[in-house]
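These notes concern the structure reproduced below.
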Amino acid sequence: MTDIQAPPFHAPVDDILFSLEHVARADRLRDWDGELAREVITHFASFAEERIAPLNASGDVEGCRLENGRVKMPEGFAQVYRELAEQGWHGISAPETHGGQNLNHAIVASVCEIFAGANHSLQMVAGLVPGAISTLVRFGTEEQQQRLIPPLVDGGWLATMALTEPGSGSDLSTIRMRATRDGDAWRIDGEKIFISGGDQDISEGILHLVLARTGSMEEGSRGLSLFACLSHLPNGERNSVSVTRIEEKLGLHASPTCQLAFDGARAELVGELGMGLKAMFALMNHARLDVALQGVAHAARGADLARRYAAERLQGRDRSGQPVTIDQHADVARMIKEADAWAVGGRALVHLTMVEGELTGGEALLSFMTPICKWLCTEGGIRGADLAIQVMGGYGYLREFGAEQNWRDARICAIYEGANGIHALTNATRSLKSDGGAGAAAFVALLRESGSELHEQAHRWEAEARRIASMSDPSAEAHDFMRLTATSAWLAVWARIKKVAEATENARYLKLAKRASTMSF
């Protein structure tokens, strides 16, 4: 194993539980069990700190490699993955009827954040399993569910989401991969790129969820269907899916980003013919909140690295002439608070969105808030990671101190699962008009319910939303409108955090709330 040791990872368990219990008020959910949540999150945090996180730096240095057409993962990853599967972490959100534990989504989200903070690369490879299971539950037949879900639950299979093609990024209507009938089955031909975990040697098999064309190009997105394509056929032979290359990337070196060639690969339809985009977006929306929490994880990691380094690094003297650690310097203290605030505020916003979304009538708010969470938290993750480098100075720029890898790994979060500019455009178009404006109305209500100090902000946002909605093409103003929307959401969640901090006399959160009120996007 490559001899690289970054500073230890510390899972932010107390912050996560504070956010769930006091800010998001997860106890409003019918299936919430606070004691169980604390036990599960604490147990996974210990596993992440002791087993997953130590592979983060070494995996980054060693990376993945392509040998004889197969991807080789870094040393130690297969063993830790087996432990992860044996302990049942893959199935914590799956229905009990398929061998899962059917735990609350808020608990699953907390596990996701800790996993990403400990080792984003491994989380990328393993993290699509819950989304794949939920897609099969929602769109698969009962027979497909009984056959395909258990191997995902027990860790025998991992999952991928195969959308992007050369020349077809955010515009899925231009997808060219073709699916054709072969008796009662289907065969798919074409190429997919940027497929996280498209191949690896840590699971027995892979379930590729593939978006392919069953209609004409003229039908655009209406001619797309979703397919389940297994890496191995029932007889044990490999399906006609091959890796043509793995990408050399800025970060996530231990996560194989693959180009895949499907050459008449056998597949089966999931959901209705021509309704693949609807099924795929269900998977993508699940992934987008996961990505938001990846941003939170990087901000939290940056804050932790910066805080611990600054508490030990002597530099300068106080007014009495005594040597001081750099956390005593005002500008350093400011940067640590900002990194911490990006994590605490972003996490609370995702948790609040998830909880409100599961309450009766909360679907419109969940749909409206998902792109905002993705935008805000990934931008905050990059900033938090960047601030850690600045606090640590020259040492932050060195590989062995962990901050530079944290920034490199964070950077992709603003790009994948919909580039942030796409989410800004969604916020200025579809989100305002969908379901008769129900999501926008729910957002205004959320702002007003956060405190009287948000009423003016809600009025300002509502007026601007009406102006944007009246435009035939708001794309030129989409970025600024997203900044206003994210700022409004940010102020609302911090108003809630501040109230709880005052009630619980939490000095740290009160200081962060003061700092957060001056931060900008």
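FYI, side chains are in, hydrogens and waters are out, and symmetry mates aren't considered; it's all heavy atoms of this structure. Remember, predicted model here, so these are calculated numbers, not experimental data.
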- Item | Tyr81 and Trp89 aromatic centres sub-6.0 Å |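 No; Trp89 has its ring centre 6.0 Å or more from that of Tyr81.
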Answer yes when [X] and [Y] have at least one side-chain N-carboxylate O distance shorter than 4.0 Å, and no when they do not.
X: Arg30; Y: Glu358; result: no
X: Glu464; Y: Arg467; result: yes
X: Glu338; Y: Arg383; result: no
X: Arg408; Y: Glu404; result: yes

- Pairs meeting criterion ring-ring contact (aromatic ring centres under 6.0 Å, His included) with involvement of residues 313-353, two or more places apart: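 Listed by first then second residue: Trp342-Trp490, Trp342-Phe521.
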- Item | side-chain hydrogen bond (donor to acceptor under 3.5 Å, both in side chains) partners for Ser450, two or more places apart |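 In terms of side-chain hydrogen bond (donor to acceptor under 3.5 Å, both in side chains), with neighbours along the sequence ignored, Ser450 is linked to Arg496.
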- Task: Please check if atom CZ in Phe18 has more than 12 non-hydrogen atoms from other residues, nucleotides or ligands closer than 6.0 Å.
- Result: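 For Phe18, atom CZ is crowded (more than 12 foreign heavy atoms under 6.0 Å).
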- Query: Do other residues, nucleotides or ligands put more than 12 heavy atoms under 6.0 Å from His105 NE2?
  - Reply: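 Count not over threshold, so no.
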Can you list, pair by pair, the side-chain donor-acceptor contacts under 3.5 Å of residues 437-446, counting residues two or more places apart and other chains?
none

Work out which heavy atom in [X] is nearest to a heavy atom in [Y]; give both atom names and the distance.
X: Lys374; Y: Gly418; answer: NZ-O, 2.9 Å
X: Leu432; Y: Phe481; answer: CD1-CE2, 4.0 Å
X: Ala348; Y: Val493; answer: CB-CG2, 3.5 Å

- Nearest 0.5 Å, what's the CD-CZ distance between Gln457 and Arg448?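 Result: 11.0 Å between the selected atoms.
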Under a 3.5 Å threshold, yes or no: a donor from one side chain and an acceptor from the other, between [X] and [Y]?
X: Asn506; Y: Thr504; result: no
X: Glu49; Y: His10; result: no
X: Trp461; Y: Thr485; result: yes
X: Asp473; Y: Ser475; result: yes

- Kindly assign one of parallel, tilted or perpendicular to the pair Tyr395 and Tyr309, based on the angle between their ring planes and the thresholds 30° and 60°.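 Tyr395 vs Tyr309 ring planes: tilted.
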- Query: Should Gln123 and Gln294 count as side-chain neighbours, where that means a heavy-atom distance under 4.5 Å?
  - Reply: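 Gln123 reaches Gln294 side chain to side chain.
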- Report the C-alpha distance between Leu29 and Asn104 in whole Å, list the side-chain angles of each, state the deciding distance to 0.1 Å, and finish with yes or no for side chain to side chain contact (heavy atoms under 4.5 Å, CB included). CA-CA 9 Å; Leu29 300 175; Asn104 180 275; 3.3 Å; yes
- Task: Among Ile92, Val153, Val40, Ile107, find the residue that satisfies the side-chain contact (heavy atoms from CB on, under 4.5 Å) test when tested with Gln101.
- Result: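 Passing option: Ile92.
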